[in-house]
Amino acid sequence: MNIDIRITGEPLGLADCLDIVSDTACGGINTFIGTVRDHTKGRKVTRLEYECYESMALKEIRKICGEALSRYGVKNILVHHRVGVLIPGDVAVIVIVSDGHREQLFDSCRYIIDNLKQKVPIWKKEIYEDGEAWVSAHP
């Protein structure tokens, strides 16, 4: 396994993801888990709604992961993103990188999540107690 990418409406499981990237040739695993906050800019968030253009999103995520493999020389990358309705505390995205050296792990994981938020067509609507708004991934 070098790259595992999924976009799903089902809950994301960290243990399952760690099993996928587990590799005895790698001495380290770096993980980023994005969860739904219960507030933003002073407003209480009751739920999020993620929508995406799936075929384009998968293509863009694969491109970002390929760039990370090439740039940082890491061995394995996993990106799983959830779509649909999520409530505070739910896991929205998991990024995991495994390799033998921590510097590449930290750098590549950050590269992937930062680029995912900027380039991948996944849109987020925040639902508040008193309204709703489509939110930019990088305000």
Side-chain angles (χ1 to χ4, degrees):
M1 194 284 297
N2 278 331
I3 299 174
D4 187 85
I5 300 167
R6 295 184 194 163
I7 295 174
T8 179
E10 300 299 316
L12 302 178
L14 180 58
D16 294 337
C17 293
L18 287 170
D19 284 345
I20 292 169
V21 298
S22 180
D23 186 333
T24 56
C26 296
I29 297 173
N30 192 31
T31 303
F32 173 81
I33 303 170
T35 60
V36 177
R37 285 188 309 261
D38 67 356
H39 67 281
T40 187
K41 298 179 181 173
R43 300 174 85 178
K44 182 168 178 59
V45 173
T46 59
R47 70 177 192 275
L48 297 181
E49 296 176 6
Y50 282 101
E51 294 182 10
C52 87
Y53 177 10
E54 189 169 336
S55 62
M56 183 60 76
L58 291 168
K59 181 179 174 182
E60 287 299 315
I61 294 170
R62 184 162 306 283
K63 181 179 172 188
I64 292 165
C65 291
E67 291 167 354
L69 283 173
S70 161
R71 180 180 286 215
Y72 300 103
V74 293
K75 188 156 190 230
N76 301 301
I77 298 174
L78 174 144
V79 177
H80 289 186
H81 203 297
R82 188 147 169 222
V83 292
V85 176
L86 286 76
I87 61 172
D90 282 350
V91 174
V93 62
I94 296 176
V95 176
I96 303 177
V97 181
S98 64
D99 192 60
H101 306 286
R102 68 180 172 271
E103 186 171 318
Q104 290 93 326
L105 293 173
F106 290 126
D107 292 346
S108 60
C109 197
R110 181 180 186 118
Y111 177 85
I112 293 165
I113 191 64
D114 286 352
N115 279 281
L116 186 149
K117 288 183 150 279
Q118 292 176 1
K119 298 177 179 175
V120 176
I122 297 175
W123 303 281
K124 177 173 72 174
K125 182 164 61 173
E126 290 183 339
I127 313 299
Y128 315 107
E129 289 181 319
D130 59 349
E132 62 187 44
W134 288 99
V135 179
S136 170
H138 41 89

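No experiment lies behind these values; they were computed from the predicted model shown.
Partners of Asn115 by side-chain hydrogen bond (donor to acceptor under 3.5 Å, both in side chains), not counting sequence neighbours, listed by chain and number: Lys119. Taking the side-chain contact (heavy atoms from CB on, under 4.5 Å) definition, one finds that Glu49 meets it with Arg47, Val85, Lys125, Ile127, sequence neighbours left out. For His80, the ring-ring contact (aromatic ring centres under 6.0 Å, His included) criterion is met by no residue, not counting sequence neighbours. Partners of Asp38 according to the side-chain contact (heavy atoms from CB on, under 4.5 Å) rule, which considers only residues two or more places apart in sequence or in another chain, are Pro88.
In the hydrophobic clustering, Tyr53 connects to Met56, Trp123, Trp134, either directly or through intervening members, whenever side-chain heavy atoms lie under 4.5 Å apart.
What you find for Cys52 and Val83 is that their closest heavy atoms are SG-CG1, 4.1 Å. Closest of all the heavy-atom pairs between Glu60 and Pro121 is CG-CD, 4.2 Å. In terms of heavy atoms, Thr8 sits closest to Glu10 at OG1-N, 2.9 Å. Between Ser98 and Ile29, the shortest heavy-atom contact is CB-CG1, 3.9 Å.
For the atom pair NE2 (His101) and SG (Cys26), the distance works out to 9.5 Å, reported to the nearest 0.5 Å. Atom CD1 of Ile5 is separated from atom CG of Leu116 by 9.5 Å, given to the nearest 0.5 angstrom. For the atom pair OG1 (Thr46) and NZ (Lys44), the distance works out to 8.0 Å, reported to the nearest 0.5 Å. Rounding to the nearest 0.5 Å places CG of Asp16 at 9.0 Å from CG of Leu18. One distance of note links OG of Ser22 with CG of Asn76; it measures 9.0 Å at 0.5 Å rounding. Considering SG of Cys65 and CD1 of Ile77, their distance stands at 5.0 Å, rounded to 0.5 Å.
Under the 4.5 Å side-chain heavy-atom criterion for ILVMFWY residues, no single connected hydrophobic cluster contains both Ile87 and Val36. Taking hydrophobic clusters as Ile, Leu, Val, Met, Phe, Trp and Tyr residues chained together by side-chain heavy-atom distances below 4.5 Å, Val93 does not share a cluster with Phe106. Note on Leu69: it clusters hydrophobically with Val120, by side-chain heavy-atom contacts below 4.5 Å among ILVMFWY residues.
A 4.5 Å side-chain heavy-atom check between Val79 and Ile94 finds every atom pair outside the cut-off. For the pair Val45 and Arg37, the minimum side-chain heavy-atom distance is 4.5 Å or more. Between Ile33 and Leu14 the shortest side-chain heavy-atom distance falls below 4.5 Å.
Among the candidates Asp90, Ile7, Ile122, the single residue satisfying the side chain to side chain contact (heavy atoms under 4.5 Å, CB included) test with Arg82 is Asp90.
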### Query
Run the side-chain contact (heavy atoms from CB on, under 4.5 Å) check on Asp23 and Asp99 step by step: do they pass?
CA-CA 8 Å; Asp23 186 333; Asp99 192 60; over 6 Å; no
### Message
I'd like to know whether Leu78 forms a side-chain contact (heavy atoms from CB on, under 4.5 Å) with Val95, so could you lay out the CA-CA distance, the side-chain angles of the two residues, the decisive distance to 0.1 Å, and finally the verdict.
### Response
CA-CA 6 Å; Leu78 174 144; Val95 176; over 6 Å; no
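Asn30 contributes a side-chain N or O that, together with a main-chain N or O of Leu105, makes up a donor-acceptor pair within less than 3.5 Å.
Under the side-chain hydrogen bond (donor to acceptor under 3.5 Å, both in side chains) criterion, the residue pairs touching residues 102-114 are Glu67-Tyr111, Arg110-Asp114, with sequence neighbours excluded.
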